[in-house]
Amino acid sequence: MQLFDSVQKTKLPFEPIYDGKVSIYVCGPTVYDDAHLGHARASLAFDLLSRTFKALGFQVTMAKNFTDIDDKIIKKVEESGKSMKELTSFYIQRYLEEMDALGIARADIEPKATESLTAIEQMIQILIDKDIAYVTSTGDVYFDTSKDSAYGNISHRVADDKATLSRVEHNSEKRNPKDFALWKACKGSDDICFDTASTTSFSSGRPGWHIECSAMIEKHFKGNEQYTIDIHGGGADLLFPHHENEAAQSRCATGHELAKYWMHNGFVQINGEKMSKSLGNSFFLKDALKVYDGEVLRYYLNSVYYRNDFNFSEEELQTSKKRLDKLYRLKKRVSPGKSSSVNKEFKKALLDAMSDDLNISISLSLIDEMIATTNDALDANPKDKALKKETLANIEFIDTLLGFGGKEPFSYFQIGVDENLKNKIETLISERTKAKKEKDFARSDTLRDEILELGISIMDTADGTLWEKA
RNA sequence: GGAGCCAUCGCCAAGUUGGUAAGGCCGUAGAUUGCAAAUCUGCUAUUCACCAGUUCGAGUCUGGUUGGCUCCUCCA
């Protein structure tokens with residue numbers, strides 16, 4: 001397995017901390033709003049990573065956190081009048097359901113910041129005890145970046161310039177401009193506040209954003225002398241400052257590096273611009289799923305190398321659907337039946353492609369070639385049972401590795417068609433078949449037009465007339 | 001202002017020890033079909049934003065130009 005490491009900025013052969021095992025931690029969402037396509041892409045990328053490792057025989061432990069305490073959440077709590085718990089559990093639930101619809105396997109560990117406070121407090125206390133963090137007069141705790149000589153190693157950022165400094169929040173008590181909050185003390189009665197005054201040397205309040213990941217990783221994973229986890233992932237925007245700060249906290253608190261490899265996925269863009277809440281151009285997953293099938297969305301969002309930016313377009317999504325359709329048409333052609341075993345060369349080629357830093361483009365082209373070759377062979381010999389069984393096995397392997405192609409093919413082409421419409425279509429088709437038998441082609445063509453108007457396309461085969469949602 | 005990434009056929013997109021351009025969509029010619037659809041076959045970039053350089057040889061390395069994006073502020 002070769003992975004592109006964002007820190008070393010090069011592809012590296014993957015060597016796990018423990019033989020045969022991989023530990024992955026991915027930064028999950030802050031749960032104060034609906035997930036958009038960008039969240040989906042990040043989830044999808046690491047789902048692909050996890051599936052590839054599993055297919056290669058690794059034992060994978062994947063963690064994805066939920067940031068369920070943060071300024072934006074507090075703001076939303078104040079606006080909505082709901083409790084924080086109500087609000088965050090609503091969005092967590094919805095997030096999980098939407099990711100399910102995209103065929104993303106649930107993480108093995110889904111830690112929440114509010115459930116990790118002890119670990120967070122302990123890590124902050126360690127940093128204070130080591131004189132790496134300091135408490136301000138208001139009770140906030142800051143990380144002193146000047147105490148970490150390795151600070152900057154992750155993002156390779158050098159000294160701050162004036163323009164940068166002017167953008168950073170003003171706090172005269174900060175010792176260095178780049179110092180960041182580990183803990184924010186309660187300021188007013190409305191603030192959501194965790195009682196830590198009795199157990200720590202800092203006042204009650206709530207954790208800063210960066211500390212939760214470091215603390216949760218330490219809590220849930222046991223690494224070796226050098227590293228805590230194998231892979232830390234997230235969106236490209238998290239590289240700095242989030243991951244830089246995480247790395248600094250962990251390094252200083254534990255004495256070893258947080259992660260051996262760092263992976264970052266590219267953005268989903270709309271009209272060439274990053275999709276983000278501040279730009280107001282978010283395409284929410286809940287809306288996308290109303291219009292498109294989750295499997296098609298998955299195929300589409302995963303069809304490009306995860307590190308590249310991804311410009312969303314409806315036309316390209318339709319192209320992806322056509323490509324996926326071809327796989328299902330082949331599946332329909334070789335169904336029903338039992339699968340035998342996957343073609344060894346095909347399997348190896350797919351694994352090789354995915355082992356090259358998840359080269360999905362090569363994988364998809366291999367699948368297209370397999371489809372063409374199989375269709376060709378089936379044209380020459382329609383009753384090749386062995387080939388049909390092997391093809392079924394190949395498609396099962398695709399589903400396991402890449403997460404699509406697993407549906408029953410006839411139902412795949414009828415997604416969104418209700419019983420009523422189905423009966424209507426079948427009635428029209430049988431009338432048309434009758435007309436065809438009587439060679440009344442004028443009538444059969446009229447009936448076909450009627451069916452087309454229902455948004456259904458039909459195809460005559462040796463086994464009768466089949467139909468699909470157009 | 002500082003830092004980084006990217007630029008390959010009409011569209012999407014592979015191509016990291018430099019060796020002579022994957023795949024998909026679209027288009028097009030044919031096979032098949034009552035006609036379609038689906039499927040199959042053929043065709044579809046002497047060329048990789050531009051300029052200069054290194055080299056026997058560069059999309060792939062170096063320098064520059066132009067254009068786009070991102071991070072430095074919450075963000076996947």
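Among the atoms of the strands shown, none is found under 4.0 Å from any heavy atom of Val26(A). Glu468(A) comes within contact range of no nucleotide atom at all, as no heavy-atom separation falls under 4.0 Å. Within the nucleic acid shown, Gly235(A) comes within 4.0 Å of sugar-phosphate atoms alone, with no base atom in reach, counting heavy atoms only. Gly266(A) comes within 4.0 angstrom of a nucleotide base, judged by non-hydrogen atoms across all strands. Using a 4.0 Å heavy-atom distance criterion, Glu369(A) is classed as a sugar-phosphate-only contact. Looking at heavy-atom distances under 4.0 Å, Ser457(A) makes no contact with the nucleic acid at all. Using a 4.0 Å heavy-atom cutoff across all strands shown, His242(A) reaches no nucleic acid atom at all. Gln269(A) comes within 4.0 angstrom of the backbone, heavy atoms only, and of no base.
Base pairing annotation: U39(B) forms a Watson-Crick or G-U wobble pair with A31(B), both donor-acceptor distances under 3.5 Å. When both distances must be under 3.5 Å, the Watson-Crick or G-U wobble mate of C61(B) is G53(B). Pairing partner, C74(B): none, since no Watson-Crick or wobble contact has both distances short of 3.5 Å. With a cut-off of 3.5 Å on both Watson-Crick or G-U wobble distances, the partner of C25(B) is given as G10(B). A 3.5 Å limit on both hydrogen-bonding distances identifies no Watson-Crick or G-U partner for C48(B). Applying the Watson-Crick and G-U wobble criteria (two distances, each under 3.5 Å), G4(B) pairs with C69(B). Nucleotide U17(B): unpaired (no Watson-Crick or G-U wobble partner with both distances less than 3.5 Å).
Between the side chain of Arg157(A) and the base of C71(B), at least one donor-acceptor pair of N or O atoms lies under 3.5 Å. The base of U70(B) lies outside donor-acceptor range of the side chain of Lys274(A), with no N or O pair under 3.5 Å.
At a cut-off of 3.5 Å, with distance as the only test, a side-chain donor of Asn65(A) or Glu212(A) sits close to an acceptor on the other residue.
The side chain of Met459(A) sits closest to A37(B) out of G4(B), A37(B), A76(B). In this structure, of U41(B), C72(B), A13(B), it is A13(B) that holds the atom nearest to the side chain of Val304(A). Residue Lys72(A) places its side chain closer to C74(B) than to any other of U16(B), C74(B), A76(B).
Taking 4.0 angstrom as the limit, Lys75(A) places none of its side-chain polar atoms (N or O) nearer than this to OP1 or OP2 of C74(B). Between Asn359(A) and G15(B) there is a side-chain N or O to OP1 or OP2 distance below 4.0 Å.
Between His242(A) and His210(A), the ring planes lie tilted relative to each other; the angle falls in the 30° to 60° range. Ring geometry for Tyr328(A) versus Tyr412(A): interplanar angle under 30°, hence parallel rather than tilted (30 to 60°).
Judged by a 6.0 Å distance limit and a 45° cone about the ring axis, Arg157(A) is positioned over the six-membered ring of Phe240(A). Cation-pi geometry between Lys332(A) and Phe413(A) is met: under 6.0 angstrom from the ring centre, within 45 degrees of the axis.
The side chain to side chain donor-acceptor pair (under 3.5 Å) pairs that include a residue from residues 93-108 of chain A are Asp34(A)-Arg94(A), Ser43(A)-Tyr95(A), Lys64(A)-Tyr95(A), Gln93(A)-Glu97(A), Asp100(A)-Arg106(A), where partners are two or more places apart or lie in different chains.
Between the P atom of A76(B) and the CG atom of Asp33(A) lies a distance of 10 Å, rounded to the nearest Å. Protein atom CG of Leu279(A) is 14 Å distant from nucleotide atom P of A76(B), rounded to whole Å.
For an aromatic pair to be called close, the ring centres must be under 6.0 Å apart, and Phe397(A) with Phe346(A) fails this. Between Tyr25(A) and His232(A), a ring centre-to-centre spacing shorter than 6.0 Å is recorded.
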Could you write nucleotides 24-35 of chain B as a row of B, S and -, 5' to 3', where a protein heavy atom under 4.0 Å of any base atom gives B, of only sugar-phosphate atoms gives S, and otherwise -? SSS-------BB
